2 protein chains.
Amino acid sequence: MTASTTPGRRPPSQQIADELRQAIADGSLGPGARLPSERALAQEYKAARNTAARALQLLEEQGLITIEHGKGAFVRERQRLFRFGNDRYSFRHRATGLTPFRLEVTQQGKEPRVDVVGITREDPPEDVGERLGVAGPGSVLHRENHYFADDEPVQIVSTFLRWDEVHDTPLMQPKTGKNGIYGRLEDLGHVMTTGRDEVTARMPTPEETETLRLPAGVPVVEVLHTSFDQNGEPFEVTRYVHRADRTGLVYDFPVDQTEEDA
Amino acid sequence: MTASTTPGRRPPSQQIADELRQAIADGSLGPGARLPSERALAQEYKAARNTAARALQLLEEQGLITIEHGKGAFVRERQRLFRFGNDRYSFRHRATGLTPFRLEVTQQGKEPRVDVVGITREDPPEDVGERLGVAGPGSVLHRENHYFADDEPVQIVSTFLRWDEVHDTPLMQPKTGKNGIYGRLEDLGHVMTTGRDEVTARMPTPEETETLRLPAGVPVVEVLHTSFDQNGEPFEVTRYVHRADRTGLVYDFPVDQTEEDA
DNA sequence: CCAACTCACTGGCTTGAGCCAGTTCTGGCT
DNA sequence: AGCCAGAACTGGCTCAAGCCAGTGAGTTGG
């Protein structure tokens, strides 16, 4: 045997995808450029339309192109529009009177909008309950917001608070007043002193695909944020879901110089 | 017209996918469980085999199942094995004599391995050049390593250093000695004082799919790390590529309490 | 002038057939 | 008992044909 499994030739659909991928990589198909139609590709490569369609699907799954019904397939524009990170929680934004999200969006010349989707008493998801230190039916208040820039959905934000603490406060209302929920949590004696962000990525659920209006082949970034107060107690957990192709996260941190093991 | 676009019925392949997804969600198909074969599904739903196959593909793209040639389709086990974050750079791991990676892997009872894939002089990628403050042909040293746990690939790590600074140092060698590259960079006068991680997620390139042995429908998490020394100067940039389904990132950070705008 | 219609395009999805390539079971032969 | 070949499964991929549903431009009628 020469090599294992005889590399031989790749199947036609993958060959077509390879050639198109190459054309995108070397710039002969620039961002926004339209690819040949399925029928045209099929003819060009003497393959069935199915096969050409499969090739385009492969590229879409790899996040290289977007396919639009009735219009065609287009090389995806790479644009990383939003940058979030530990800065998102910084107090220094308060001088502007804008939330970090509104600041970011207006700086880009777009119109921010927040939809309050629901404020409900709920059973906490397992990961949230663990972090917030609660369990049992109805032990959390769940505030779900959807954020938009120029009517384009940007992120899904689910905030969880301890029901016992907040059920008779302005945190039950859609409008939470100056400095938002963190302002009200300070009224309750919780000043965010440290934060923890747990970051994962995955493919979106069908619901997320719909609410974020995601094209195929775009993962989501999920951030599970926990806020700790001046006593080191967790008092708020928020789950952020962003589309990965439009969002970057930036974390700046000091490096611990002490050599003792924890 | 009642509603827009007549919600009507979803296409058969999506209906099949929906029912299977439901079965996975409610636990009647647990992790590791085997799904019916394409031919069985086709018969059950009175559809063509193609249609059943399409349904399974949809679930694979959504990261819910893995399809294995000759074996069948299986509900994916969710396992988040590795947790990295700002802790990855902490000096306190030095007491153990192990790198954070080896520590993490051995704690899981697995055998860590690092392959040094290449140590080459290169033209810096644009994003790296900007952050490292260099440009031009041959201005960086690129060290590429692949990390494994029990021969399973875990991460691809590309470190970039300024060629001018390191070309006659042990940093050219595969083995860098005590405390690794950060130890040698300290010899050169750079102590990591702050770090910045820029986190993004995307679908893998075909090369990454191969080296990380990724099943379909698994995104990758890319971390572009920049190290700053005691003078606030960047001296090292590293790109980490992880498979998203096995990796979580954790960032702990103090929250800046000063209200002045930057 | 503008609205409405028509038609030629685009992709979405299905059918049913077929061949190929991994995997696993099974039964027969040593 | 142990091995080994083949049968019976699995998915991978293709073909050719067809119908449906968005899109957009060009035409037609008010």
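Every value quoted in this text rests on a predicted model; they were computed, and no experiment measured them. Proteins get letters first, then strands, A, B, ... in listed order; numbering begins at 1 in each.
Taking atom NZ of B/Lys71 as the reference point, atom P of D/dG11 lies 13 Å away to the nearest angstrom. Distance CD (B/Glu60) to C1' (D/dT10): 15 Å, rounded to an integer number of Å. If you take CD of B/Gln14 and C1' of C/dC13, they are 9 Å apart, rounded to a whole angstrom. Following rounding to the nearest Å, B/Leu59 (CG) and D/dG11 (C1') show an atom-to-atom distance of 15 Å. For the pair A/Gln57 CD and C/dT14 C1', the interatomic distance rounds to 13 Å; values are reported in whole Å. Straight-line distance from the CD atom of B/Glu68 to the P atom of C/dT23: 9 Å, rounded to whole Å. Taking atom CG on A/Asn50 and atom P on C/dG16, their separation rounds to 15 Å, with Å as the unit.
Residues passing the side chain to side chain contact (heavy atoms under 4.5 Å, CB included) test with B/Glu130, sequence neighbours excluded: B/Glu126.
Scanning atom types as modelled, one donor and one acceptor separated by under 3.5 angstrom connect the side chain of A/Arg49 and the base of C/dG12.
Within a heavy-atom distance below 4.0 Å of DNA chain C, no residue of residues 207-220 of chain B is found. The stretch residues 36-44 of chain A touches DNA chain C through A/Ser37, A/Glu38, A/Arg39, each having a heavy atom within less than 4.0 Å of the strand.
Salt bridge absent: B/Glu152 and B/Lys110 never bring a charged side-chain N and a carboxylate O closer than 4.0 Å.
Map B/Arg54 and A/Gly72 each onto its nearest nucleotide of DNA chain C; the residue landing nearer the 5' end is A/Gly72.
Across all strands shown, B/Ala47 has heavy atoms under 4.0 Å from sugar-phosphate atoms exclusively, and none from any base.
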